[in-house]
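What's counted below: heavy atoms across the whole structure, side chains too, no hydrogens, waters or symmetry copies.
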Protein chains: 2
Amino acid sequence: MNELDNNMRLTSQRQVIIEELKKVKSHPTANEVYDMVRKRLPRIGLGTVYRNLDLLSEKGIINKLEVGGEQKRFDGDTSEHYHIRCVKCNRVEDIFIERYKELEKDAASCCDYTILNHHVQFSGICSKCLPDA
Amino acid sequence: MNELDNNMRLTSQRQVIIEELKKVKSHPTANEVYDMVRKRLPRIGLGTVYRNLDLLSEKGIINKLEVGGEQKRFDGDTSEHYHIRCVKCNRVEDIFIERYKELEKDAASCCDYTILNHHVQFSGICSKCLPDA
DNA sequence: CTCAGTGCAAACGATTTGCAGGGCC
DNA sequence: GGCCCTGCAAATCGTTTGCACTGAG
């Protein structure tokens, strides 16, 4: 739907953000990406990080997670998959199970929306937090 | 888990917030609740609304929705059900389909979390927005 | 009377934006 | 040389909090 903008430049900031994001599995917040990137580009601004994270997720190069909590999180893995969040430490991890496509069919039959997508968000307690739960 | 606090008083502010929230099906944001309530209690403060929405959702009297988007939303219907959000107008509506309990079983088998809950969030375009899509 | 709850305003944290300069094409 | 993009700082938006006062129990 969004025609690719050929005028988009591949700046070093952009490149490093993508590289760092693809490198980890931790679903970092914008601030965490900022910290990661700053190690390689000490003069980068937080605003630039936000601008690029938004831009790259619009282009589908990365994913912006609409997972609950205070901050948005970003995922270098753009394959469709579910997520789980630890209610204690707020860690977010991937859940690679088969997508339930029936969900969208069921939902379509009970509302008058054109359904575009669905996401499943699990909450639980991770193994590191379980002892002190 | 949270022993009911017998010291909790039933103030008029609290009563009106609950009443207004149970009255609608629109999943209002804190600010929208504020507007609704202010018609009956013009001197109420926004802080009071936030404090009570948090308190009431901790008590399980209302529900705080961790639905994506910028603002949190509140639901007077505390029964477990899924939601859909219109990507155009941001309206949030209920999806009353059977919960997929298998989802949690599947997820449990592929990660070492103690799973507490799951929520399914659909996105789509509502019938009102479809014409201009 | 007492203390949980309130109104108000200031504080806060995440994100966005305006602007002037910088550097890719 | 044009214009996209950046760094920086100020602005904005949602939400939280400190404080002195109020009113429910």
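Between the CG atom of B/Leu65 and the P atom of D/dT15 there is a distance of 12 Å, rounded to whole Å. Atom P of nucleotide C/dG7 and atom CZ of B/Arg43 are separated by 8 Å, given to the nearest angstrom. Taking atom CG of B/Leu53 as the reference point, atom C1' of D/dG14 lies 13 Å away to the nearest angstrom. Here C/dA4 presents its P atom at 14 Å from CZ of B/Arg51, a figure rounded to the nearest Å. Whole-Å rounding puts the A/Lys72 NZ to C/dG13 P distance at 18 Å. Atom-to-atom, CG of A/Asn52 to C1' of D/dG7 comes out at 12 Å; the value is rounded to the nearest Å. Rounded to whole Å, atom C1' of D/dG25 lies 14 Å from atom CD of B/Gln15. C/dA10 atom P lies 15 Å from atom CG of B/Leu46, rounded to whole Å.
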N/O donor-acceptor pairs under 3.5 Å from side chains in residues 28-37 of chain B, not counting sequence neighbours:
unit_1  : atom_1 : unit_2  : atom_2 : d
B/Thr29 : OG1    : B/Glu32 : N      : 3.2
B/Glu32 : OE1    : B/Thr29 : N      : 2.9
B/Asp35 : OD1    : B/Arg38 : NH2    : 2.6

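Nucleotides of DNA chain D nearest to B/Gly47 and B/Gln71 differ in position, and the one nearer the 5' end is that of B/Gln71. Map A/Thr48 and B/Ser12 each onto its nearest nucleotide of DNA chain C; the residue landing nearer the 5' end is B/Ser12.
Between D/dT15, C/dT15, C/dG5, one nucleotide has an atom nearer to the side chain of A/Ala30 than all others, and that is C/dT15. You'll find that the side chain of B/Tyr50 is closest to D/dT16, out of C/dG7, C/dT15, D/dT16. When distances run from any side-chain atom of A/Arg14 to the nucleotides D/dT6, C/dG7, C/dT15, the shortest one goes to D/dT6.
With a 4.5 Å cut-off on side-chain heavy atoms, B/Glu20 and B/Lys39 do not count as touching. The shortest distance between side-chain heavy atoms of B/Lys88 and B/Leu130 does not fall below 4.5 Å.
The side chain of B/Thr11 places no N or O atom within less than 4.0 Å of a non-bridging phosphate oxygen (OP1 or OP2) of D/dA24. Note on B/Gln13: every side-chain N or O is 4.0 Å or more away from OP1 and OP2 of D/dG23.
Proximity of the aromatic rings of A/Tyr100 and B/Tyr100 is defined here by a centroid distance below 6.0 angstrom, and this criterion is met.
Residue A/Asn31 is classed as having no contact, given no heavy-atom separation below 4.0 Å to the nucleic acid.
Residue B/Leu10 belongs to no hydrophobic cluster, having no ILVMFWY side-chain heavy atom closer than 4.5 Å to its own.
A/Arg9 contributes a side-chain N or O that forms a donor-acceptor pair with the base of D/dC4 under 3.5 Å.
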